[in-house]
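Some notes on the structure that comes next.
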Amino acid sequence: MAAHILRHALIDRIFHWLTAACVLVLMATAFLPILGIKFSWVTIHWATGVVLGIAVLIHVVRALVFQRATAIWVSPRDLGEGLSNLKAALSPAGRAIKPGKYSLAQKSMHLLVTILILAVLVTGGLMMVRVDTPFWERNPYWLTEAQWGTVYVLHGLAALTLVTTIMLHIYFALRPEKLCYTRSMIKGWLTESEREKNHDIQRW
Ligand code: HEM
Ligand code: HEM
């Protein structure tokens, strides 16, 4: 049997699928009522947002303390390599460069999702001041009308951008040449030859 290389530890896989489920529930509770399917969505929506927020907080602490924080961040070198790979795809003279653990596309996806999720979490947290919870009573006058307007626009804009981003993410996850990564997000591993083919082992 081919040797297996661990790509995502169990705790990271649980984190991915928990956050994915949260984001899909958040989208369903946000957009189904707008499409005409009415139900009392607010409590499910904010409670799921709280779960997502806690999961992201744990992920950030784990990433910064226990993982290589630089593994997934886009660096100037990645952009240079991206350009090289574009040239290689367009002309026979170009030279293709294999990435380390994460490709430029995977890093860009992580960066975009990070920006968008942090934006919805911060604005959503502020919007919580306006709903009754077991912990406090609603206070719609905490910010001015104009300030609330900005918060709502940012929340909606980030949420809509997330829809497109995640559609693309799922599309690529299901493409035949990327299915090995989907398996790695379920079972944890890539085979030695899958890693050899797509990554620079020195920089993994
Ligand atoms: C400032 C915020 C964040 C930091 C510092 C951070 C850091 C990292 C790092 C360093 C890795 C690579 C771990 C490795 O493979 O060695 C990673 C992976 C990942 N991140 Fe983040 N991240 C942040 C925000 C987010 C957010 C908001 C999400 C989505 C809700 C997210 C989802 C993921 C996923 C699914 C992975 C792949 C799982 C794995 O570690 O194997 N991250 N992150
Ligand atoms: C339900 C369908 C989904 C599938 C099939 C899926 C699949 C995957 C796979 C296969 C990877 C690993 C890529 C790698 O090994 O580098 C991954 C990573 C990641 N996923 Fe998902 N995912 C889904 C939903 C989501 C949702 C809803 C979010 C939003 C929070 C999300 C955020 C991320 C992030 C930030 C990463 C790390 C960046 C990357 O490697 O592309 N995923 N996902």
Side-chain angles (χ1 to χ4, degrees), residues 8-64 67 72-74 102 105-143 145-175 178 181-186 188:
H8 302 293
L10 178 62
I11 176 106
D12 297 320
R13 274 138 50 204
I14 294 173
F15 165 75
H16 175 269
W17 294 114
L18 176 70
T19 46
C22 286
V23 170
L24 297 177
V25 168
L26 285 160
M27 285 179 181
T29 48
F31 297 123
L32 290 181
I34 298 177
L35 296 175
I37 301 168
K38 303 284 179 197
F39 57 99
S40 56
W41 59 275
V42 178
T43 310
I44 311 174
H45 190 78
W46 72 250
T48 310
V50 171
V51 174
L52 177 65
I54 294 170
V56 168
L57 197 66
I58 295 173
H59 169 69
V60 173
V61 171
R62 170 170 157 76
L64 295 180
Q67 292 175 307
I72 208 162
W73 292 102
V74 181
Y102 295 100
Q106 288 164 336
K107 289 178 174 183
S108 311
M109 157 70 195
H110 182 267
L111 181 62
L112 189 58
V113 168
T114 299
I115 294 169
L116 296 174
I117 295 276
L118 292 181
V120 284
L121 285 176
V122 170
T123 50
L126 290 172
M127 287 151 85
M128 287 295 290
V129 174
R130 293 174 62 114
V131 285
D132 280 327
T133 70
F135 312 105
W136 60 81
E137 278 177 19
R138 67 192 301 259
N139 176 5
Y141 307 109
W142 193 61
L143 296 179
E145 280 299 301
Q147 287 168 333
W148 281 124
T150 312
V151 169
Y152 277 74
V153 167
L154 288 179
H155 193 78
L157 208 59
L160 284 176
T161 316
L162 262 174
V163 175
T164 343
T165 309
I166 285 165
M167 279 166 69
L168 273 176
H169 178 61
I170 295 175
Y171 166 77
F172 278 107
L174 296 178
R175 281 188 59 92
K178 301 279 188 281
Y181 293 108
T182 305
R183 192 233 293 118
S184 83
M185 199 40 105
I186 298 169

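Starting from 1, each residue takes its place in the sequence as its number.
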Sequence neighbours left out, cut at 3.5 Å: what donor-acceptor pairs do the side chains of residues 21-35 make with other protein atoms?
unit_1 : atom_1 : unit_2 : atom_2 : d
Thr29  : OG1    : Val25  : O      : 2.8
Thr29  : OG1    : Leu26  : O      : 3.1
Thr29  : OG1    : His45  : ND1    : 2.9

Report, one line per pair, each donor and acceptor closer than 3.5 Å where one atom sits in a side chain of residues 156-169; sequence neighbours left out.
unit_1 : atom_1 : unit_2 : atom_2 : d
Thr161 : OG1    : Leu157 : O      : 2.7
Thr164 : OG1    : Leu160 : O      : 3.3
Thr165 : OG1    : Thr161 : O      : 2.7

Looking only at heavy atoms, which two atoms of [X] and [Y] are closest? And how far apart?
{"X": "Trp73", "Y": "Leu111", "value": "CZ3-CD1, 3.4 Å"}
{"X": "Met128", "Y": "Thr133", "value": "CE-CG2, 3.7 Å"}
{"X": "Val129", "Y": "Trp148", "value": "CB-CH2, 4.1 Å"}
{"X": "His8", "Y": "Ser184", "value": "CD2-OG, 3.4 Å"}

In residues 112-126, what donor-acceptor pairs under 3.5 Å come from side-chain atoms, sequence neighbours left out?
unit_1 : atom_1 : unit_2 : atom_2 : d
Thr114 : OG1    : His110 : O      : 2.7
Thr123 : OG1    : Ala119 : O      : 2.7
Thr123 : OG1    : Val120 : O      : 3.3
Thr123 : OG1    : His155 : ND1    : 2.9

Is any side-chain heavy atom of Glu137 closer than 4.5 Å to one of Asp132?
yes

Partners meeting salt bridge (Lys or Arg N to Asp or Glu O under 4.0 Å) with Asp12 (sequence neighbours left out):
Arg62

Can you sort out the partners of Arg130 under salt bridge (Lys or Arg N to Asp or Glu O under 4.0 Å), two or more places apart, ordered by chain and number?
none

CZ of Phe172 to CE of Met109: how many Å apart, nearest 0.5 Å?
11.5 Å

Decide if atom OH of Tyr141 counts as having more than 12 heavy atoms of other residues, nucleotides or ligands within a radius under 6.0 Å.
no

Give the intermediate values and the outcome of side chain to side chain contact (heavy atoms under 4.5 Å, CB included) for residues Met185 and Trp17.
CA-CA 9 Å; Met185 199 40 105; Trp17 294 114; 3.9 Å; yes

Please name all residues satisfying side chain to side chain contact (heavy atoms under 4.5 Å, CB included) with Ala55, sequence neighbours left out, ordered by chain then number.
Phe15, Leu18, Thr19

Trp46 side chain vs Met127 backbone, donor-acceptor pair below 3.5 Å
no

